[in-house]
Amino acid sequence: MVNTPKRKAEHLKIISNSNVNFDQKTTGFENYQFIHNSLPEINFDDIDISEEFLGYKLSFPFLINSMTGGEKNGEELNRVLSKIANDEEIAFALGSIRPCLENSKTIKSYAITRQIAPDTPILGNIGAAQLLTYPAEIIRNVLNEIDVNGLCIHLNPLQEVLQPEGDKNFSGVTGKIKTLAEYLDIPIIIKEVGFGLPIQNIQDLKSFGIKWFDVSGAGGTSWAKVERHRNDNLINKKVAEEFAEFGLPTAEIISQAINIKDINLIASGGINSGITFAKAIAMGARLGGVAGILIQSWNKDGVSGIQNLIKIYKKTLKICLLITGKEKLDDFRNTTLKKIK
Ligand SMILES: Cc1cc2nc3c(=O)[nH]c(=O)nc-3n(C[C@H](O)[C@H](O)[C@H](O)COP(=O)(O)O)c2cc1C
């Protein structure tokens, strides 16, 4: 039996205590600058940064990205994050439901989030490789019990092969994604885990009717570095090091994927400041998703650390609309950024 909760607990510990961010590679958002307007003719109080997402109104386009569930701290973190999501009217994605599929007793540590956050969208999460093991019906039953509004499917072959206990068979995964997308009556969001979704993968999966893509690019948490920490074997450690800086930068993917029609993009991977978040939205992302830095803030300053970070992102976004002379997000997107490098 795979011990997924133990692995998730190790991930949380490493991300809280070690530097596992990319060192050399950046998100690429520093290559863009806002087109500044010092005569905005707007009342700051009239600026509207609310966003519709899966039938819910968000106070601004922020997603607490997939992280927790199943491990020792999982239920506590799920409680904390879902309460913050409900209070701040933002979206919340759970970590992988794999522990629920392996042991149904863990379902309650996920299902608790719907009770705490009745007014905000909650997303489930599963790895594409696990679709080879678990039939669509079983996955749907677990998702129904947790009561989610959408399902993130993460594509993470590099992470899996760098994990000592990772799944290494990806043959047949595309067909399983298609089957699941047809079977479920909730939206699917395809995501990476920080190495970046290639444009070709987005185009291929769009043909199955999938409309949401979280690019989760390079520039934030490097999962090669995380897995390097977890590996005791010298060769495997060195191999993980080889990939420490691997991945497609977040801004590079968004700037290209924005030209693909009829899809919605979530910008994640290194959205570690309010200004980066605002640039991602300006580039055209529907939502910005944040993971690693929330855990680091929680570890350092507790619940208020996370709350403050979210408030900083929100205020920074609103100020960016003012200084670019826009009152609404739809006018702000695709019109207010220029490439400077
Ligand atoms: C502690 C932790 C656990 C994570 N677990 C999952 C997971 O279960 N499923 C998933 O799709 N992504 C998972 N991720 C990846 C994030 O959702 C995100 O794609 C990635 O960390 C890049 O974003 P960041 O730079 O903001 O951390 C996890 C991230 C962290 C920090």
Side-chain angles (χ1 to χ4, degrees), residues 4-5 7-22 25-29 62-74 77-78 80-81 91-101 106 109-110 123-131 150-160 163 166-167 188-197 212-227 229-230 247-251 253 266-273 276-277 280 285 287-299 306 309-310 313:
T4 306
R7 172 173 26 184
K8 301 271 317 160
E10 287 172 6
H11 286 158
L12 271 180
K13 200 167 158 205
I14 292 166
I15 284 164
S16 302
N17 301 321
S18 317
N19 173 19
V20 287
N21 276 9
F22 283 82
K25 194 165 273 177
T26 62
T27 59
F29 282 109
F62 189 97
L63 168 72
I64 297 177
N65 219 345
S66 305
M67 287 185 282
T68 53
E71 71 279 8
K72 195 161 152 271
N73 287 335
L77 254 179
N78 279 343
V80 166
L81 295 176
F92 172 53
L94 289 154
S96 169
I97 60 162
R98 187 173 183 179
C100 307
L101 296 163
T106 59
S109 73
Y110 293 72
L123 307 175
N125 182 293
I126 190 166
Q130 283 90 62
L131 302 184
L151 174 66
C152 302
I153 301 181
H154 61 263
L155 313 184
N156 65 337
L158 180 53
Q159 182 191 12
E160 294 281 352
Q163 280 179 356
D167 279 332
I188 299 269
I189 295 136
I190 299 291
K191 77 183 285 286
E192 239 282 354
V193 298
F195 299 113
L197 267 186
W212 286 91
F213 296 90
D214 174 348
V215 304
S216 212
T221 309
S222 161
W223 279 90
K225 287 195 179 184
V226 177
E227 299 304 345
H229 273 273
R230 289 185 61 236
L248 300 165
T250 304
I253 313 173
I266 299 176
S268 82
I271 307 297
N272 288 351
S273 68
T276 308
F277 173 76
L287 303 184
V290 180
I293 197 173
L294 294 180
I295 295 299
Q296 285 148 8
S297 304
W298 188 57
N299 195 44
I306 301 180
L309 203 64
I310 292 170
Y313 281 38

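In listed order, ligands and their atoms are each counted from 1.
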Which of the atoms in ligand 1, numbered in the order shown and given with their element, are less than 4.0 Å from a heavy-atom of S96?
7 (C), 8 (O)
Could you tell me whether the side chain of T250 and the main chain of G269 form a donor-acceptor pair under 3.5 Å?
yes
Check contact between G269 and ligand 1, using heavy atoms of the residue and a distance below 4.0 angstrom.
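Yes; G269 lies near enough to ligand 1 that a heavy-atom distance drops under 4.0 Å.
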Is S66 touching ligand 1 with its side chain, its backbone, both, or neither, if touching means heavy atoms under 4.0 Å apart?
both
Show the atoms of ligand 1 that are less than 4.0 angstrom away from any heavy atom in E192.
19 (O)
M67 and ligand 1 - part of the residue with a heavy-atom distance under 4.0 Å
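Contact part for M67 vs ligand 1: both backbone and side chain.
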Side chain, backbone, both or neither: which part of K191 has a heavy atom under 4.0 Å from ligand 1?
side chain
Please report whether ligand 1 has a polar contact with N272, defined as an N or O pair separated by less than 3.5 Å (distance criterion only).
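Between N272 and ligand 1 (N or O atoms, distance only) the closest approach is not under 3.5 Å.
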Side chain, backbone, both or neither: T221 near ligand 1, heavy atoms under 4.0 Å
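Near ligand 1, T221 shows its backbone as well as its side chain.
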If the cut-off is 4.0 Å to any non-hydrogen atom of G220, which atoms of ligand 1 fall inside it?
25 (O)
Hey, does R98 sit under 4.0 Å from ligand 1 if you only count heavy atoms?
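Flag not set, R98 not near ligand 1.
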Protein heavy atom at shortest distance from atom 5 (N) of ligand 1:
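Ranking protein heavy atoms by distance from atom 5 (N) of ligand 1, first comes K8 NZ, 3.0 Å.
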For ligand 1, which atoms, with element, lie under 4.0 Å from some heavy atom of G292?
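So the answer, numbered in order with elements, is 24 (P), 26 (O), 27 (O), 31 (C).
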Atom 21 (O) of ligand 1 has as its nearest protein heavy atom W223 NE1, 3.4 Å
Looking at non-hydrogen atoms alone, which of L63, I97, V193, V290 comes nearest to atom 20 (C) of ligand 1?
V193
Any salt bridge linking E227 with R230? Criterion: basic side-chain nitrogen under 4.0 Å from a carboxylate oxygen.
yes
Polar contact flag, side-chain donor to acceptor under 3.5 angstrom, D167-Q130:
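There is such a pair (donor and acceptor under 3.5 Å, judged by atom type) between the side chains of D167 and Q130.
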Number the atoms of ligand 1 from 1 as they appear, then name those within less than 4.0 Å of a heavy atom of N125, with their elements.
9 (N), 10 (C), 11 (O)
Is a side-chain donor or acceptor of W223 paired with a backbone partner of F195 at a separation under 3.5 angstrom?
no
Which atoms of ligand 1 are found less than 4.0 Å from any heavy atom of L12?
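Every atom of ligand 1 under 4.0 Å from some heavy atom of L12: 1 (C).
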Is the backbone N or O of C100 less than 3.5 Å from a side-chain atom of T106, with the two atoms forming a donor-acceptor pair by type?
yes
Flag, side chain of N78 to backbone of S109, donor-acceptor distance under 3.5 Å:
yes
Kindly say whether I15 contributes a backbone atom to a donor-acceptor pair with the side chain of S18 at under 3.5 angstrom?
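Between the backbone of I15 and the side chain of S18 there is no qualifying donor-acceptor contact (under 3.5 Å).
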Can you tell me how far apart CZ (F277) and CZ (F29) are? Round to the nearest 0.5 Å.
10.5 Å
Calculate, to the nearest 0.5 Å, the distance between atoms OH and OG belonging to Y313 and S273 respectively.
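Y313 OH to S273 OG: 6.0 Å, rounded to 0.5 Å.
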Is S66 reaching over with its side chain to a backbone N or O of L94, donor-acceptor style, under 3.5 angstrom?
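Here the side-chain-to-backbone pair exists.
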Heteroatom distance test (A291, ligand 1): nitrogen or oxygen, under 3.5 angstrom
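Among all N and O atoms of A291, at least one is under 3.5 Å from an N or O of ligand 1.
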Distance filter under 4.0 Å to S216 heavy atoms, resulting ligand 1 atoms
18 (C), 19 (O), 20 (C), 22 (C)
Looking at ligand 1, is there an atom of it that comes within less than 4.0 Å of some heavy atom belonging to I15?
yes
Side chain of K8, backbone of M67: donor and acceptor closer than 3.5 Å?
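Present.
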Can you tell me if T276 uses its side chain to pair, donor with acceptor, with the backbone of N272 under 3.5 Å?
no
Any atoms of ligand 1 less than 4.0 Å from a non-hydrogen atom of G95? List them with their elements.
8 (O)
